[in-house]
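Scroll down for the structure; my scribbles are underneath it.
Residue numbering restarts at 1 for every chain, and letters A, B, ... go by the order of the sequence lines.
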Amino acid sequence: MVSGKKKPENDFFALVYEVTKLIPYGRVTSYGAIARYLGSGRSARMVGWALNACHGINDPIPAHRVVNREGLLSGKHHFGSPTLMEQLLINEGIDVEENKVVNFKEKFWDPLIELG
DNA sequence: ATTCTGACAGCAA
DNA sequence: TTTGCTGCCAGAA
């Protein structure tokens, strides 16, 4: 293989995209939960970094369903519009106040549990 | 090649 | 209790 030097299918980014796309409608998860599911544990920062690159791919990544462990919309500033992420969440029936997901614990979707 | 940053989270003081 | 630093891994300068 001489050409495929970069972008393996098992790329950490691709895994993050897959998990993110598995988040059901009206649910949210956290960066740490995804990182832990991938086996990286504390590499939650990489999850956010991966989602930062979700703008460059053709697949629709529901990155608005990924928030930090507090339920805070830490990435709202990266959706082109500072209110887009909040609007998308509200559009799915998720209440957002003060840039924070209301009833985050109830809306929380853990890949470790849901996916096994 | 080295250094810094980054959509976080855990632990120490 | 809150505040702040460190750890994580990869990409950009």
Residue [X], side-chain atoms from C-beta onward, closest of [options]:
X	options	result
A:Trp49	B:dG10, B:dA9, B:dG6	B:dG6
A:Leu51	C:dG11, B:dA7, B:dC8	B:dA7
A:Met46	B:dA7, B:dA9, C:dA10	C:dA10
A:Ser43	C:dC8, B:dA9, C:dA10	C:dC8

From [atom1] of [X] over to [atom2] of [N], roughly how many Å is that when rounded to an integer?
X	N	atom1	atom2	value
A:His78	B:dC8	NE2	P	8 Å
A:Leu38	C:dA10	CG	C1'	14 Å
A:Asn68	B:dG10	CG	P	11 Å
A:His77	B:dC8	NE2	P	13 Å
A:Arg42	C:dC5	CZ	P	18 Å
A:Tyr31	B:dG6	OH	P	15 Å
A:Phe12	C:dC9	CZ	C1'	8 Å
A:Ile23	B:dA7	CD1	C1'	13 Å

Checklist entry - P atom, B:dC4 versus C:dC5: distance in rounded Å? => result 16 Å
Next on the checklist: For the P atoms, the ones on B:dG6 and on C:dT3, what distance do you get once it is rounded to whole angstrom?
Outcome noted: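 Taking atom P in both B:dG6 and C:dT3, they lie 22 Å apart.
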Checklist entry - Only one of A:Asp110, A:Val19, A:Leu112, A:Leu51 forms a side chain to side chain contact (heavy atoms under 4.5 Å, CB included) with A:Ile34, so which one is it? => result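 Testing each of A:Asp110, A:Val19, A:Leu112, A:Leu51 against A:Ile34, the sole residue satisfying side chain to side chain contact (heavy atoms under 4.5 Å, CB included) is A:Val19.
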Which part of the nucleic acid, if any, lies within contact of [X], taking any heavy atom under 4.0 Å across all strands shown: a base, the sugar-phosphate backbone alone, or nothing?
X	answer
A:His55	base
A:Ala35	nothing
A:Asn52	base
A:Arg69	sugar-phosphate

Item to check | Close side-chain approach of A:Arg65 and A:Thr29, heavy atoms under 4.5 Å | outcome: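 Answer no - side chains too far apart.
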Checklist entry - Does A:Tyr37 share a hydrophobic cluster with A:Trp109, counting links as ILVMFWY side-chain heavy atoms below 4.5 Å and allowing steps through other members? => result yes
Next on the checklist: Quick one, A:Arg27 with A:Glu92, criterion salt bridge (charged side-chain N to carboxylate O under 4.0 Å, His left out). Give me CA distance, side-chain angles, the key distance, then yes/no.
Outcome noted: CA-CA 8 Å; A:Arg27 289 295 166 148; A:Glu92 296 190 358; over 6 Å; no
Item to check | A:His77 NE2: over 12 foreign heavy atoms closer than 6.0 Å | outcome: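 Not buried by this count: 12 neighbours or fewer within 6.0 Å.
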Next on the checklist: Given the structure, check if the side chain of A:Arg45 and the base of B:dG6 hold any donor-acceptor pair shorter than 3.5 Å.
Outcome noted: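 Check passes, donor-acceptor contact within cut-off.
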Checklist entry - For B:dA9, does OP1 or OP2 lie under 4.0 Å from any side-chain N or O of A:Arg36? => result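 Checking A:Arg36 against B:dA9: no side-chain N or O falls below 4.0 Å of OP1 or OP2.
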